[in-house]
Amino acid sequence: MSGTVITVTSGKGGVGKTTATANIATALAADGAKVVCIDADIGLRNLDVVLGLENRIVYDIVHVVEGTAKLRQAMIRDKRLPHLFLIPAAQTRDKSAVAPSDMVRICDELREEFDYIMLDSPAGIERGFRNALAPSNKVLIVTNPEVSAVRDADRIIGLVESELKGPPSLIINRIKPEMVKRGDMLSIDDVLDVLAIDLIGIVPEDESILVGSNRGNPVALDEKSRAGQAFRNIARRIKGEQVPFIDLDKNDGFFARLGKLIRPGG
Amino acid sequence: MAVSLNIKGVKEGLLVTVGDGDWSEASRTLLEKLLEKQDFFRGARLVLQLGGRSLGAADLGKLRDNLGDLQINLWTVLSESALTENAAKALGLEVSLPRPQSALPPDLPPISPSEDGSQAILVDHTLRSGKSVRFPGHVIVLGDVNAGAEVVAGGNIIVWGRVRGTVQAGSEGDVTALICALDLAPTQLRIANAIATSPKRRGKPEPEIAKMKDGQIVAERWKPNEKG
């Protein structure tokens, strides 16, 4: 067996990389895949919080790189899903504690056992990003429908392309259909017009994301959450299924919900 | 271990690349593969690429005969091994591909900038944010110049696409330099030492040419039959 290493990155901070990593990993694992997430944001770890595994950390990825712990010891099993694991980042170190070659080595080991290895990249284009990109088979770019996030995504796409990692796919996160309609927010088409890469997901703005992140409960497990549905759909697309995109014009009235029951979108 | 074998059609014929490993297995696999699509390969001439493998005339001759049975003509053997190359020569096979015939004569006279044009580079892809292209001559971009990307040319800049980034023509002070694009909406546009920003777009994008006029940069809609 040889797993796929998926790097989630964005350039700009705060667009939802960690949320996307946690939710896509959760959705993949809930669907039966064996998944391990690696927090590559050494010094500013978050993924453990979003997954609700903060209090279980004993060893982290720097311990593994330095040989203080075995890879297996640093793997924390998720409290809900038996096939989901997390390798946390170190909080007290910085990006220079890990080299791209270390990440390649760790991922090669994990590929033997897991279907998907999801790497949560830090913001920026420096060492941490290089670490997260080095072992990657598939790159997911997360962006928001705003000019600065799209600009940074464009830069990142250029860097990914120059590393010959194959074409990255795009997740547009936190879109507000009513703002797009008013012309106050970039539309999906505006974003795709600039970035010109494949779209793999559209995630609507959803308050349940924040609540879920704070409580350590990824919304991908929440059947009622629209954002959760969007992340589940991304997971299915990663597995190669054809899933239609969400219809953003639908409001969440009774008929919309009825429609969703019949044809889940997102 | 299976020997890697790659068959592809090239201009010269059928190119077969054989990796390292046991020769008898490799040749057997090759013949099996060719046999599978015998009708398709019949009459083809075959270029065999062998890397550093050493083969004698007996092995090569046997393969040639076997291929002959399939009506495939072993024509050329490419090898880095002197032994293999000599064996191929002894069998009367070619050991190198003919050099491609160039459409251009070998000794081109230097071009005259005033009559035949001047130096330019072609960028055949979109320039994404963070990319910078600098060239003392002209720059031609087949694709977009995205916001955050930059093109600096000593001469003209021609973009078959959208300009959203920063473009500077005539960077050495040439005030006759032009910038033209299918959709010209740069963050900033410079010609020689003059600087302009794009006015807010009105309506549909159309091809435009920016140039200096009376010390100011102006952008005009492109019209056929008019030199910039």
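Not measured: the values here are computed from a predicted model. By convention in this document, chain letters (A, B, ...) are assigned in the order of the sequence lines, proteins followed by strands, and residues within each chain are numbered from 1.
- The interface of residues 29-39 of chain B with chain A, defined by heavy-atom distances below 4.5 Å, is empty.
- In this structure a side-chain-to-backbone donor-acceptor pair under 3.5 Å is missing from A:Asp154 to B:Arg128.
- In this structure, chain A has no heavy atom under 4.5 Å from any part of B:Arg164.
- No more than 12 heavy atoms of other residues, nucleotides or ligands lie within 6.0 Å of CG in B:Asn193, so this atom counts as exposed by the packing criterion.
- Contact check for B:Lys131 versus A:Arg155: no side-chain heavy atoms found under the 4.5 Å cut-off.
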Next item on the list: Go through B:His125 and A:Glu161 one step at a time and tell me if the side-chain contact (heavy atoms from CB on, under 4.5 Å) criterion holds.
Entry: CA-CA 11 Å; B:His125 54 264; A:Glu161 284 173 347; over 6 Å; no
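- With a 6.0 Å radius and a threshold of 12 heavy atoms from other residues, nucleotides or ligands, B:Gln216 has its CD atom at or below the threshold.
- Looking at A:Asp193 and B:Arg162, their side chains come closer than 4.5 Å, going by heavy atoms from C-beta outward.
- Most heavy-atom pairs under 4.5 Å with chain B, from the set A:Ile125, A:Val147, A:Leu195, A:Asp152: that is A:Leu195.
- The number of heavy atoms from other shown groups lying within 6.0 Å of CZ (A:Arg72) does not exceed 12.
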